[in-house]
Q: 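Can you read through this structure? Questions will come right after.
These numbers come from a predicted model, not from an experiment.
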Amino acid sequence: MDGDVPCPPFGYLYDPVTDDFVDDESIHRQLVGTLASLRVYALVRRPELLRSAVDALTLLTPHIRTTDTGDARMGDLGATVLMAMALCELERLTGDDRWATERAALGESIVAEVDNDGSFLNGSALQRQQAHHALWRLYQASGDTRYRDALVRAATHASAHRDDTGQGGMWEWPYLYGLWAHEPLVELYQEVEEDWIPELIFWVADQVVAGQYSDREPGVITESCGWRGGFTPNNGSGAPNWNSTIKLEAVVDAYRMAELVQDDARIDVYGHSATMGAAFLMQSQYRAGDPELSGFANPDRSVGGLPLYSTDPTVRIDIPGHGAIALAKVAELVHGEATPGSLLD
């Protein structure tokens, strides 16, 4: 189990053919699902989404471990920052502060991980990227500028070390930085308006968009192959797969940055990229009535899932969550009042 933290059954992978959750339970994946429920709730205000998030947090918060010094953790840095993000988001959307004490204790643990030079004392590259987001949400929730200042240190350190591209490095996969850090940096820019912020975001997003199968590149992709809007896998070629979901979110937040600085060229490029990417995700989803669902043990549970690969029906359980967040952002940021279902129109 991730982080050695006990949690209710919720497997990392779901096999729709057998209706089994396989592999280890993962508290991280549960929290991504919780964040997705909250993000979509913010757009559509359906009460069952909020209820789902609150139920999940009610099950998970007892596993927060408070130390003698007053800070708190959930196993590793990744689980700690994801829980802090979820508690901040619930409080922001609803005013529900029943876990404010736990949120503050988690925050103390997270801010202590950022050294004076912006490096992190612990955690993988992914967890440090996730911490960018948590620091901003903690700042918004508390008004404590230590969190904002720690985010600035962390982001400027990451920006200054773009040569850290080796295995496990911060920039091994730039799109993951975009997934977790773009949104808080866009919002930070609205407070400080420093040029390094859009420059860093565009540096990441331009790389992500360059790896998309686009109808603006004649001869590279055709409508008939079904790849339009998907992103190349990490090996650089072949059919788009699960990480198209994650790459899309990095582009959508960059679109918002382009709007803020009135970069018309990137508004056009990122907006088109986001719309294509959203359409690709929706066509990749399992949908009610799809013929392939007839071979699944529990078709109703499979609806809305996103398979790992076109040749593998397995669902990595956090990917539909990331997909829901990405589609909500495209609907809200790129298409205004449009709903995700209208993006194919």
Q: Between Ser109 (side chain only) and Ala72 (backbone N and O only), is there a donor and an acceptor less than 3.5 Å apart?
A: yes

Q: Within 45° of the axis and under 6.0 Å from the centre of the six-membered ring of Tyr139, does NZ or CZ of Arg137 qualify?
A: no

Q: Can we call the ring centroids of Trp180 and His322 under 6.0 Å apart?
A: yes

Q: Please check: side-chain N/O of Asp164 versus main-chain N/O of His161, any donor-acceptor pairing under 3.5 Å?
A: no

Q: Please tell me whether Tyr177 and Trp171 form a close aromatic pair, meaning their ring centres lie under 6.0 Å apart.
A: yes

Q: Are side-chain N/O atoms of His28 and Asp76 paired as donor and acceptor at under 3.5 Å?
A: yes

Q: Would you confirm whether Ser244, through its side chain, and Pro240, through its main-chain N or O, come within 3.5 Å as a donor-acceptor pair?
A: no

Q: Under 3.5 Å, side chain of Arg39 to main-chain N/O of Thr34, donor-acceptor pair present?
A: no

Q: Are a donor atom and an acceptor atom from the side chains of Tyr12 and Asp318 found within less than 3.5 Å of each other?
A: no

Q: Are Arg153 and Thr156 close enough that a side-chain donor and a side-chain acceptor fall under 3.5 Å?
A: no

Q: Looking at Thr275 and Gly271, would you say the former's side chain and the latter's main chain have a donor-acceptor pair under 3.5 Å?
A: yes

Q: For Asn122, does its backbone N or O pair with a side-chain atom of Glu113 as donor and acceptor, under 3.5 Å?
A: yes

Q: Where the side chain of Arg65 meets the backbone of Pro62, is there a donor-acceptor pair that is under 3.5 Å apart?
A: yes

Q: Is the backbone N or O of Gly123 less than 3.5 Å from a side-chain atom of Arg128, with the two atoms forming a donor-acceptor pair by type?
A: yes

Q: For the rings on Phe231 and Phe280, is their centre-to-centre separation under 6.0 Å?
A: no

Q: Quick one: does Gln129's side chain have a donor or acceptor within less than 3.5 Å of a partner on Met170's backbone?
A: yes

Q: Report yes if the distance between the aromatic ring centroids of Trp203 and Trp196 is under 6.0 Å, otherwise no.
A: no

